[in-house]
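Report on the following structure.
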Amino acid sequence: MHNDALKTLVIDALEELKAKDIATLDVSRLISVTDLMMVASGTSSRHVSALANNVVERAKQEGVKPLGVEGKNGADWVLVDLGNVVVHVMMPETRQLYDLERLWSDLPSDLDEMQRSGSQG
């Protein structure tokens with residue numbers, strides 16, 4: 001499934017169950033293991049778990065098999081790995097503590113490093 005279609009699928013699955021503050025981070029220039037990270041908040045551990053489960057179920061319905069799901073036991077932070085899109089569903093306090101949006105936006109990409117050093121790619 002194309003990244004845009006997968007992103008739309010994830011957003012739809014999260015919005016269906018009223019996820020809060022959905023953010024999409026394009027990390028394709030920063031790392032090679034995924035292209036997009038999506039972050040959303042739930043209002044309780046049960047809500048976080050339900051949001052992640054809905055993403056997994058909707059992906060499966062569209063023929064996308066998740067590569068892994070981590071954190072379902074505690075449900076403060078559940079990660080759903082869909083390959084080109086990795087989804088983080090978190091409690092607001094956990095999201096604030098780890099601040100993934102700032103972390104990933106502050107990391108320089110290889111392209112940025114080459115441009116600063118004057119190298120040609």
Side-chain angles (χ1 to χ4, degrees):
M1 180 176 274
H2 190 269
N3 287 354
D4 288 337
L6 195 51
K7 174 183 164 184
T8 299
L9 180 147
V10 170
I11 290 171
D12 289 347
L14 292 170
E15 286 180 342
E16 182 178 18
L17 296 185
K18 310 289 189 234
K20 306 290 183 195
D21 303 318
I22 301 169
T24 302
L25 309 169
D26 183 345
V27 296
S28 60
R29 292 178 39 191
L30 302 173
I31 58 175
S32 60
V33 296
T34 193
D35 294 331
L36 298 174
M37 285 195 192
M38 300 185 70
V39 184
S41 296
T43 57
S44 67
S45 293
R46 182 175 283 183
H47 189 217
V48 167
S49 183
L51 289 165
N53 286 337
N54 203 43
V55 169
V56 168
E57 290 307 313
R58 294 283 297 273
K60 287 179 180 178
Q61 288 171 3
E62 294 299 320
V64 177
K65 184 177 185 224
L67 301 177
V69 179
E70 298 291 331
K72 287 171 63 172
N73 292 339
D76 283 346
W77 180 354
V78 180
L79 180 145
V80 179
D81 185 349
L82 299 174
N84 290 345
V85 176
V86 173
V87 184
H88 299 270
V89 185
M90 311 167 97
M91 289 291 294
E93 302 81 21
T94 304
R95 185 173 179 173
Q96 184 178 9
L97 177 66
Y98 290 97
D99 200 2
L100 296 180
E101 292 97 329
R102 185 190 55 76
L103 174 70
W104 285 101
S105 66
D106 285 351
L107 290 176
S109 69
D110 291 341
L111 181 59
D112 294 336
E113 290 295 321
M114 288 187 331
Q115 288 171 345
R116 277 196 289 276
S117 68
S119 300
Q120 298 294 324

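Only a predicted model underlies this, so the values are computations on that prediction, with no experimental measurement involved.
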According to ring-ring contact (aromatic ring centres under 6.0 Å, His included), does anything in residues 4-52 pair up with another residue at least two apart or in another chain? List the pairs.
none
Does T34 have any side chain to side chain contact (heavy atoms under 4.5 Å, CB included) partners at least two apart in sequence or in another chain, and if so, which?
V27, I31, M37, V86
Taking only residues two or more places apart in sequence or in another chain, which ones pass side chain to side chain contact (heavy atoms under 4.5 Å, CB included) with A40?
L14, A19, I22
Please list, chain by chain and in numerical order, all residues satisfying side chain to side chain donor-acceptor pair (under 3.5 Å) with N3, sequence neighbours excluded.
D35, N84
Could you please spell out the steps behind the side chain to side chain contact (heavy atoms under 4.5 Å, CB included) verdict for V48 and M90?
CA-CA 6 Å; V48 167; M90 311 167 97; 5.8 Å; no
Starting at OG of S49, measure out to CG of N73 and round the result to the nearest 0.5 Å.
9.5 Å
Show me the pairs that pass salt bridge (Lys or Arg N to Asp or Glu O under 4.0 Å) and involve residues 59-88, at least two apart or across chains.
none
Report, one line per pair, each donor and acceptor closer than 3.5 Å where one atom sits in a side chain of residues 91-99; sequence neighbours left out.
unit_1: R95; atom_1: NE; unit_2: E101; atom_2: OE2; d: 3.0
unit_1: R95; atom_1: NH1; unit_2: D21; atom_2: O; d: 2.7
unit_1: R95; atom_1: NH1; unit_2: S41; atom_2: OG; d: 2.9
unit_1: R95; atom_1: NH2; unit_2: D21; atom_2: O; d: 2.7
unit_1: R95; atom_1: NH2; unit_2: E101; atom_2: OE2; d: 2.4
unit_1: D99; atom_1: OD2; unit_2: R102; atom_2: NE; d: 3.2

Supply the atom-to-atom distance E15 CD to N54 CG, rounded to the nearest 0.5 angstrom.
11.5 Å
Where do V55 and A13 come nearest, in terms of heavy atoms and distance?
CA-CB, 3.9 Å
Considering residues at least two apart in sequence or located in another chain, which fulfil the side chain to side chain donor-acceptor pair (under 3.5 Å) criterion with T8?
none
Salt bridge (Lys or Arg N to Asp or Glu O under 4.0 Å) against E16, all qualifying residues, sequence neighbours excluded
R58
Are V89 and M38 packed together at the side-chain level, in the sense that at least one heavy-atom pair is separated by less than 4.5 angstrom?
no
Excluding sequence neighbours, so at least two apart, what forms side chain to side chain donor-acceptor pair (under 3.5 Å) with T24?
none
Got a sec, which residues hit side chain to side chain contact (heavy atoms under 4.5 Å, CB included) with A59, two or more places apart in sequence or on another chain?
L9, V64, L82
Which heavy atom of A52 sits nearest to which heavy atom of V78, and what is that distance?
CB-CG1, 3.4 Å
Kindly write out the residues that satisfy salt bridge (Lys or Arg N to Asp or Glu O under 4.0 Å) with D12, not counting sequence neighbours, or none if the list is empty.
none
The side chain to side chain contact (heavy atoms under 4.5 Å, CB included) partners of S32 (sequence neighbours excluded) come to none
Set out, in order, the CA-CA distance, both residues' side-chain angles and the distance that settles side chain to side chain contact (heavy atoms under 4.5 Å, CB included) for L79 and V87, then state yes or no.
CA-CA 6 Å; L79 180 145; V87 184; over 6 Å; no
